[in-house]
Each structure stands twice: as structure tokens, then as C-alpha cells.
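Numbered from 1 within each chain, the chains take letters A, B, ... in sequence-line order.
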There are 2 protein chains.
Amino acid sequence: MKELPQISTTEWQVMKVLWIKAPLTANEVITEIEGVTTWKPKTVKTLLGRLVKKRAIAFNKDGRAYVYYPLVAEDECVKAESHSFLEKVFSGALNVMFANFLEEQKLSKEEIDELKRILDQKNS
Amino acid sequence: MKELPQISTTEWQVMKVLWIKAPLTANEVITEIEGVTTWKPKTVKTLLGRLVKKRAIAFNKDGRAYVYYPLVAEDECVKAESHSFLEKVFSGALNVMFANFLEEQKLSKEEIDELKRILDQKNS
DNA sequence: CCTCTAAGATTACAAGTGTAGTATTAAAAT
DNA sequence: ATTTTAATACTACACTTGTAATCTTAGAGG
């Protein structure tokens with residue numbers, strides 16, 4: 001189990017496209033990101049650079065261009081973020097968190113049924 | 001519906017004691033916090049000052065001492081934080097988030113049953 | 001009244017973040 | 001071979017955050 005770097009909110013958006021579509025060149029990442037944000041290309045490059053420095057991603061050279069890929073696993077990062085959030089907001093109380101989300105959010109019948117299926121599986 | 005200030009991780013700890021026990025003097029907050037962290041008293045005072053500046057809390061004077069109380073509601077803040085987290089990590093996909101938490105975390109049978117009860121209520 | 005204490009106010013300071021712009025340089029085009 | 005392009009590298013810059021220390025001042029104690 002490795003040390004996970006701290007990944008900021010904007011960096012998460014970059015990681016998410018890399019987790020789904022890596023390997024990607026900087027320009028491909030920029031194209032993907034432009035669908036979702038209003039960031040300038042240079043901003044995305046900065047984020048890629050910072051993620052490299054943090055060792056969250058790495059690249060291979062293809063001529064003058066870099067082709068990026070993740071070094072950290074998505075589920076590890078998701079787990080770490082989730083833990084932080086749960087601690088920060090709910091002091092670790094998972095059931096309180098669930099109850100809260102279920103209160104606030106509207107779920108379709110299908111989603112509710114899916115969650116109940118998951119719970120049933122856990123129960124056995 | 002008011003604008004919620006940005007509340008940092010450390011500031012959340014202070015807010016949590018105020019939400020539970022306000023009104024509290026700075027020293028009372030410090031005492032509460034000392035049970036949970038290793039922060040120096042001055043650190044807590046800084047956080048109280050920042051929260052006042054952000055208008056997350058306010059105070060009344062009692063002689064030379066300030067007595068603090070929250071200006072923002074806990075459930076509003078919880079909701080906002082939860083939304084940010086859900087967006088950042090799960091791109092807003094609530095069911096994915098649930099499934100993930102249920103995968104990772106261990107829940108007692110009682111907790112699972114409680115969640116199912118909540119789900120049943122939502123379903124009707 | 002004067003002194004000391006302790007409360008709040010101000011200052012510190014490096015690292016991280018959001019959001020790019022400018023500089024350098026290698027490769028593509030002509 | 002020289003010019004142009006465009007990719008990466010460096011620089012910017014204000015704000016937030018974590019983590020306090022020092023300064024100022026109003027009461028508490030004598």
C-alpha cells in the first residue's frame with residue numbers, strides 16, 4: 001500500500017479523465033476537460049505538471065509530446081477521499097452519513113431498490 | 001437560503017463543537033477541542049477569528065471574554081459539503097457513491113437494518 | 001492606583017490552490 | 001537551412017490553510 005498524494009478538487013477532474021481514458025496526451029486531456037470546464041489549456045497543463053510532481057501520474061514521451069497515465073489507483077483515491085470526508089463532516093459515523101444523504105437526495109425507485117439489493121448482499 | 005462560507009477541515013472541528021455546545025467562550029472551545037486534537041490554544045483562537053471573519057460564527061461580549069455561537073446551520077453545511085464531495089469524487093452519482101461506501105466499510109447487522117428501514121420509508 | 005494576567009488583535013510564514021501567462025526549444029514546414 | 005509552430009518548462013500571483021507567536025490592552029488583584 002503506497003502513500004497517496006493529496007489531490008485537489010481541480011486535479012481530481014484531470015485524474016478522472018485519465019482513469020477512464022489513459023493513456024492520453026496533454027492535448028487529449030485538454031479536449032476532454034474542455035467539455036466539462038471553462039479552463040484555459042495552460043491551466044490543464046499546469047495541473048498535469050503538478051500531478052506529475054506529486055507522482056499521481058507519469059508520462060512517456062512520444063516525440064515532443066507527453067503521453068500521461070495514472071500512477072495511483074482510482075479506488076484507492078476514492079477510498080481515501082471518502083474517509084476524509086466522513087471524518088471531517090460526520091466524525092466517522094457512517095450510518096449518520098447515509099441517513100443524511102438519503103434524507104436530502106431524491107432517489108428513483110430503481111436506485112432505492114438497487115441500494116436495497118446491495119444491502120441485502122452485505123447482510124448475508 | 002444564505003451563502004455559506006467555505007469552511008476548512010480544521011474549522012469544521014471548531015464548528016462541530018459550537019453546533020453541539022454553543023454558546024461557548026473561547027476557552028471553553030479550547031477545552032473541548034483539546035480532547036480531540038493537539039492544537040495549541042492560539043491555534044484555536046485563530047480558527048475562531050477566521051470563522052468570525054467568514055461570518056460562520058459570531059459572539060457576544062461577556063466582560064473581556066467573547067461568547068461564540070454559530071451563524072450557519074449544521075445541516076446546511078453538511079449538505080453543501082456532501083454535495084461538493086459527491087461532485088468531486090463521484091461526479092454526482094449518488095448510487096455509485098453508496099455502492100462504494102457499502103463495499104469498503106463494514107457495517108453491523110443493526111446498521112444495515114437501519115439503513116434498510118430508511119430506504120423503505122423513502123420508497124413509500 | 002499600579003501591576004500583572006490573560007483576552008483578543010495583529011503578524012508570521014510556508015505550502016497548497018486556482019488560474020493562467022511568458023520563455024525556451026525542438027520539430028514541422030517551407 | 002531558416003522560419004514558424006507548438007509543446008514543455010518556468011514564472012506569477014493572490015487567497016486559503018495549518019499552525020502558531022508576538023503585541024496591545026482592559027480588567028483582576030493587591
Closest non-hydrogen atom pair, A:Lys54 against A:Ile7: NZ-CA, 4.4 Å
Sugar-phosphate, base or nothing in reach of B:Thr43, heavy atoms under 4.0 Å: base
Pairs touching residues 62-72 of chain B that satisfy side-chain hydrogen bond (donor to acceptor under 3.5 Å, both in side chains), sequence neighbours left out: none
Any pair counted as salt bridge (Lys or Arg N to Asp or Glu O under 4.0 Å), so long as it reaches residues 90-100 of chain B, sequence neighbours left out: none
Chain A contact limits on DNA chain C, taken 5' to 3' with a cut-off of 4.0 angstrom to heavy atoms: C:dT17 to C:dA28
Positions of residues 24-35 of chain B (non-hydrogen atom under 4.0 Å from DNA chain C), listed by number: B:Ala26, B:Asn27
Using the 3.5 Å cut-off, write out each protein N or O paired with an N or O of nucleotides 11-16 of chain D and the distance between them.
none

Salt bridge (Lys or Arg N to Asp or Glu O under 4.0 Å): pairs with one or both residues in residues 21-45 of chain A, sequence neighbours excluded: A:Lys21-A:Glu32
Donor-acceptor pair, side chain of A:Thr31 and main chain of A:Asn27, under 3.5 angstrom: yes
Protein proximity profile, nucleotides 22-27 of chain D - base contact B, sugar-phosphate-only contact S, no contact -, cut-off 4.0 Å on heavy atoms: B-----
Most 5' of B:Lys45 and A:Leu47 on DNA chain C, judged by nearest nucleotide: B:Lys45
Steps toward salt bridge (Lys or Arg N to Asp or Glu O under 4.0 Å) verdict (B:Lys109, B:Asp113): CA-CA 6 Å; B:Lys109 181 164 189 342; B:Asp113 287 340; 3.0 Å; yes
Non-hydrogen side-chain atoms of B:Phe101 and A:Leu86 separated by less than 4.5 Å: yes
Set of ring-ring contact (aromatic ring centres under 6.0 Å, His included) partners for B:Trp12, sequence neighbours left out: B:Trp19
Which residues share a side chain to side chain contact (heavy atoms under 4.5 Å, CB included) with B:Ala80, sequence neighbours left out: B:Leu4
Five-pair end axes of the helix from C:dC1-D:dG30 to C:dT30-D:dA1, angle between them (10°): 10°
Pairs satisfying side-chain hydrogen bond (donor to acceptor under 3.5 Å, both in side chains), at least one member in residues 80-93 of chain B, at least two apart: A:Lys16-B:Ser91, A:Glu81-B:Lys88, A:Lys88-B:Glu81
Pairing residues for A:Phe85 by the ring-ring contact (aromatic ring centres under 6.0 Å, His included) criterion, not counting sequence neighbours: A:Phe90, B:Phe85
